Amino acid sequence: MKVYDTLDKLTEEIKTSDEYFKYKEMKDMANENPELSKKLNEFEEARYATQISTIKGEEPEKEQIENMQKIYLELIKMENAREYLEAELEFNTMLSKVNEVLANVVKELM
């Protein structure tokens, strides 16, 4: 089916994109640095907890937000962490745009 062929092509385009390579490089670098990896995991857990509250329609607790901000401020002081977060943002922005286009096609049917 042509759609699946196009999906395969899109997958390959994503895998060969600058955003993918930069994010993968930064992720590999972070995984090789136990201290950085630990701090990034702490940030991910804090960010996830805050997002879950928001998705549930609840106001995130003040402590949750303050904890996430504290960890983030620690991370951006570290050059390699800052580069990681920037690469993650660029990659996620690209994926978000792809998802938005696909969602708009589906929305037309609803």
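Since this is a predicted model, take the numbers as computed values, not measurements. Values below: all heavy atoms of this structure, side chains included; hydrogens, waters and symmetry mates excluded.
The backbone N or O of Asn92 sits nowhere less than 3.5 Å from a side-chain atom of Ser96 that would complete a donor-acceptor pair.
In plain terms, the two heavy atoms of Ala30 and Ser37 that are nearest each other are O-CB, 3.4 Å. Across every non-hydrogen atom of Ser53 and Pro60, the tightest pair is CB-CA, 3.9 Å. In terms of heavy-atom proximity, Glu88 sits nearest to Glu44 at OE2-OE2, 3.5 Å.
Within a 6.0 Å radius of CD in Glu63, other residues, nucleotides and ligands contribute more than 12 heavy atoms. Sparse packing is recorded around CD of Glu35, with 12 or fewer heavy atoms of other residues, nucleotides or ligands lying under 6.0 Å away. More than 12 heavy atoms of other residues, nucleotides or ligands lie within 6.0 Å of CG in Asn31, so this atom counts as buried by the packing criterion.
A distance of 11.0 Å separates CG in Asn67 from CD in Glu61, rounded to the nearest 0.5 Å. Remark: Glu83 CD to Met29 CE distance equals 6.5 Å, nearest 0.5 Å. In this structure, CE in Met94 is found 4.5 Å from CZ in Phe91, a value given to the nearest 0.5 Å. Residue Leu95 holds its CG atom at 10.5 Å from OH of Tyr20, rounded to the nearest 0.5 Å. For the atom pair CG (Leu10) and CG (Asp5), the distance works out to 12.5 Å, reported to the nearest 0.5 Å. Going from atom CD of Glu74 over to atom CZ of Phe43 covers 11.5 Å, rounded to the nearest 0.5 Å.
In this structure, the side chains of Ile71 and Leu40 stay at 4.5 Å or more apart for every pair of heavy atoms. At least one side-chain heavy atom of Leu85 sits under 4.5 Å from a side-chain heavy atom of Tyr72. Taking the side chain as every heavy atom from C-beta outward, Asp8 and Glu12 never approach each other to under 4.5 Å. At a threshold of 4.5 Å between non-hydrogen side-chain atoms, the residues Arg47 and Thr50 do not count as touching. Counting heavy atoms from C-beta outward, Met68 and Gln64 have side chains that stay 4.5 Å or more apart.
Salt-bridge formation is not detected for the pair Lys97/Glu100: no Lys NZ or Arg NE/NH1/NH2 atom is positioned less than 4.0 Å from an Asp or Glu carboxylate oxygen. In this structure, Lys70 does not pair ionically with Glu66, as no charged nitrogen and carboxylate oxygen lie closer than 4.0 Å.
Residues that satisfy the side-chain hydrogen bond (donor to acceptor under 3.5 Å, both in side chains) test with Lys9, not counting sequence neighbours, are Glu13.
Val98 and Tyr23 end up in the same hydrophobic cluster when Ile, Leu, Val, Met, Phe, Trp and Tyr side chains are linked at under 4.5 Å. Hydrophobic clustering keeps Leu89 apart from Ile76 (ILVMFWY residues linked when any side-chain heavy atoms are closer than 4.5 Å, directly or through intermediates).
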